[in-house]
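Computed from a predicted model, the values in this text were never measured in an experiment.
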There are 2 protein chains.
Amino acid sequence: MSLLRSWVESANAPDHPFPLNNLPCGVFSLEDEPRCGMAIGDFILDLAALEEEGVIALPGGSLLDVPFWNEVMEAGPAVWADLRAQVTGLLAEGSASRAEVEPHLVPRAGATLHLPFLVSEYTDFYAGRNHAFNVGTMFRGAENALPPNWLHIPIGYNGRASSVVVSGTPVRRPWGQVKGPDDAVPRFAPSARFDIELEMGAVVGQPSTHGQPVTVAEADEMIFGYVLLNDWSARDIQAWEYQPLGPFQAKATATTISPWIVMKAALEPFRTSTPAREKPLLPYLQEPRPMLYDIALEVGLTPEGGAETVIARTNYAEMYYSAPQQLAHHTTSGCAMNVGDLLGSGTISGPTKDARGSLLELSWGGKEPFPVAGGTRSFIQDNDTLTLRGQCKGDGYTIGFGECTGKVIPALADPYAR
Amino acid sequence: MSLLRSWVESANAPDHPFPLNNLPCGVFSLEDEPRCGMAIGDFILDLAALEEEGVIALPGGSLLDVPFWNEVMEAGPAVWADLRAQVTGLLAEGSASRAEVEPHLVPRAGATLHLPFLVSEYTDFYAGRNHAFNVGTMFRGAENALPPNWLHIPIGYNGRASSVVVSGTPVRRPWGQVKGPDDAVPRFAPSARFDIELEMGAVVGQPSTHGQPVTVAEADEMIFGYVLLNDWSARDIQAWEYQPLGPFQAKATATTISPWIVMKAALEPFRTSTPAREKPLLPYLQEPRPMLYDIALEVGLTPEGGAETVIARTNYAEMYYSAPQQLAHHTTSGCAMNVGDLLGSGTISGPTKDARGSLLELSWGGKEPFPVAGGTRSFIQDNDTLTLRGQCKGDGYTIGFGECTGKVIPALADPYAR
């Protein structure tokens, strides 16, 4: 696959994140109502307006004049492909429709981006081999680093859908119950070990039936697209609360996603396999074809008024389990999946020290502060901005996700003051 | 508080679960569209019809002609009280409105009951002292039975909202990944240790603000009412999957709730305190007044074609933490709570052997099968029906919840056959 040229000139630059090959799905507004749009070059194509004028027509009627992509997702894969085909035709170099389309290009710089879909339920996985090994080593020693089930099950837990916010939303440092190893009793205090987790999110676009597991191949068909995802994590709260039933408030402060859902079709040229299996997987988890994607990822940390330091560079292909494997496992018990469910991949760490997707790993539990512009960090300081970026490199073009960013603002002085 | 007499005669029997004092909220249908109703005696009051005829009027317009109570909940506590007052007036003995109300009484026996609200997100807690001690003893020995955080935190984990079904829905035995202690590798098989958990569910009727924790008193105000809740649990799946991030597929097969939400106002006379604190709670968890309720609970097991055995009798007052404490803790990190969130109490076991709220405890991990009509049980057998019941005993009246029941049907022969 090479660059699809568009009459939107900015979209043709080989490094631009939003060429015609991409067409990611977002929700935007100017001074008006939020609605569906697709990024193209430096613009957003106002799909709601084009649908209203009849330039775009989808079966099932008006799906785009709403502040979420759930209705398009619900319409199914044939409609997803149809929409992509129509928009590709309208924006392609030489398109006869340019005159009627061009008035509906909105400069991206002046638009407000919203959460692109209504999050139905949110599940977070733990499927990065290096991350699991690093965290396990810190907590249990290298010999017992991986839990016995890890190479057999895509371990996951249910997260909190109400925590999901769009890129740019400030994140307030949480309070919580914490207890240090030498404390006799717990305290209620602002988290002192607030962290990120670099993840991808898979957006479920089709439902499954309650009581009926789905195969990995079926799961892949159910996925609408992917976003960048930052699973903000309060490590001190987590350490005290997580036994025996898993993380709870440590993960409920916020989960930031990038504003654009990159549709699966745009990622197709970048499909790649999961790593070699260290132990055979049960048949229900085996992949009929490559199910990961080659997506280069990085994390930037910018102190207030300072310069950004890229603190980690890694790749989504580092995952041990793919999103379709996770989704198939998610349905084994008969659990019904719904349109708008969001699956976090788990933290994506590479094998090297500079490829670790959390500050917990980068600072080795806070014991080895790492350098950033103007100082060092063990965990996030107030007014630090954390930014995730991702891109796929094609033949003369780039597929980007938009930034997934959030500034950590100081904890409330008194969380119960009214 | 004594019995409020109604012109609906069946509601005045001292043992009837649905006197005028109760007025629980459900969604029902005949051969038509599901809509909101309240149980009164042997009938359901068709609230949608009364609202349409203007006999009932709520601020904010039509809230009752929908198949869920979420709109009423969203309207807030003043509307909840207003609705109760209007219906109490209409149904009270001597009411002048009887003639216009009576045509809208639907016999309960002929109606279909639906899930009474749209479940936004579902959280399950672990707040029963005896249950935590029993399970901890089985897994870790009596000396280490309670995790170190248990007396300080209402331990909870996020469950799966899509698993929630209304009483009467058959529950299919799940498949899952299991591994016995002597197995070299895991297998994919139907659960052989399928279980119940006897719980109460608190229905959140008002939202909290993202980033802003709420107090226990505020949390109490946010709760609309309570239901019975059966947290179906596959113990063999749970044992293999739950470390390190908590239960996942073991709890996702189904969560059955009773069809009637008993409003907090109906439970007011039965308020009671949590047990004496074994360790002081942090201030944010301290209760300004009694926050539990004296609700007698029981579990019945009925084999296919056989007679029911009541296998456990206990009381909601056994909980160590109340729902308002759980809800307050749920918001500590800034987690936003929404209308329709459901909080499971955790398994409610009493101190004696016949008061244990799960088969895991009743059979002590399967080692001590217990008697039921026609045989014994360690875990649930195919075609067993499990039924939870609850009631509060007032002065000459009873507050009931309706049954919370489900029949376990055999696992799919091949879960991937299409």
Solution key, residues 136-148 of chain A side-chain donor-acceptor pairs under 3.5 Å, sequence neighbours excluded:
| from | atom 1 | to | atom 2 | distance (Å) |
| --- | --- | --- | --- | --- |
| Thr137(A) | OG1 | Phe133(A) | O | 2.6 |
| Arg140(A) | NE | Asn144(A) | O | 3.3 |
| Arg140(A) | NH2 | Ala145(A) | O | 2.9 |

Side-chain donor-acceptor pair present, Gln177(A), Tyr284(B), cut-off under 3.5 Å:
yes

Option that, when pairs with chain A are counted at under 4.5 Å, heavy atom only, ranks first among [options]:
| options | answer |
| --- | --- |
| Gly156(B), Pro190(B), Pro283(B), Ala411(B) | Gly156(B) |
| Gly159(B), Gly211(B), Gly334(B), Ala234(B) | Gly159(B) |
| Leu412(B), Ile237(B), Val214(B), Ile155(B) | Val214(B) |

What is the minimum heavy-atom distance between [X] and [Y], and which atoms define it?
| X | Y | answer |
| --- | --- | --- |
| Thr332(B) | Tyr416(A) | CG2-OH, 4.0 Å |
| Leu282(B) | Phe188(A) | CD1-N, 4.0 Å |
| His210(B) | Ser162(A) | CE1-O, 4.0 Å |

Chain A contact via [X] - which portion, at a heavy-atom distance below 4.5 Å:
| X | result |
| --- | --- |
| Val171(B) | neither |
| Ser191(B) | neither |
| Phe125(B) | side chain |
| Arg187(B) | backbone |
| Asp341(B) | side chain |

Who wins among [options] for the most heavy-atom pairs under 4.5 Å with chain B?
| options | answer |
| --- | --- |
| Glu241(A), Lys279(A), Lys179(A) | Glu241(A) |
| Gly176(A), Pro186(A), Ser163(A), Pro280(A) | Pro186(A) |
| Tyr157(A), Tyr122(A), Tyr126(A), Trp150(A) | Tyr157(A) |
| Ala252(A), Pro174(A), Ala254(A) | Ala252(A) |

Mind listing the side-chain donor-acceptor pairs of residues 242-251 of chain B below 3.5 Å, one per line with the distance, residues two or more places apart or on another chain?
| from | atom 1 | to | atom 2 | distance (Å) |
| --- | --- | --- | --- | --- |
| Gln243(B) | OE1 | Gln243(A) | NE2 | 3.3 |
| Gln243(B) | NE2 | Gln243(A) | OE1 | 3.3 |
| Gln249(B) | OE1 | Ser333(A) | N | 3.2 |
| Gln249(B) | OE1 | Ser333(A) | OG | 2.8 |
| Gln249(B) | NE2 | His330(A) | O | 3.0 |
| Lys251(B) | NZ | Glu197(B) | OE1 | 3.1 |
| Lys251(B) | NZ | Glu197(B) | OE2 | 3.3 |
| Lys251(B) | NZ | Asp231(B) | OD2 | 2.9 |
| Lys251(B) | NZ | Ser233(B) | OG | 3.0 |

Can a donor-acceptor pair be found, under 3.5 Å and without considering hydrogens, that links the side chain of Glu121(B) to the backbone of Ala161(A)?
yes

What distance separates Arg172(B) CZ from Gln212(A) CD, expressed to the nearest 0.5 Å?
9.0 Å

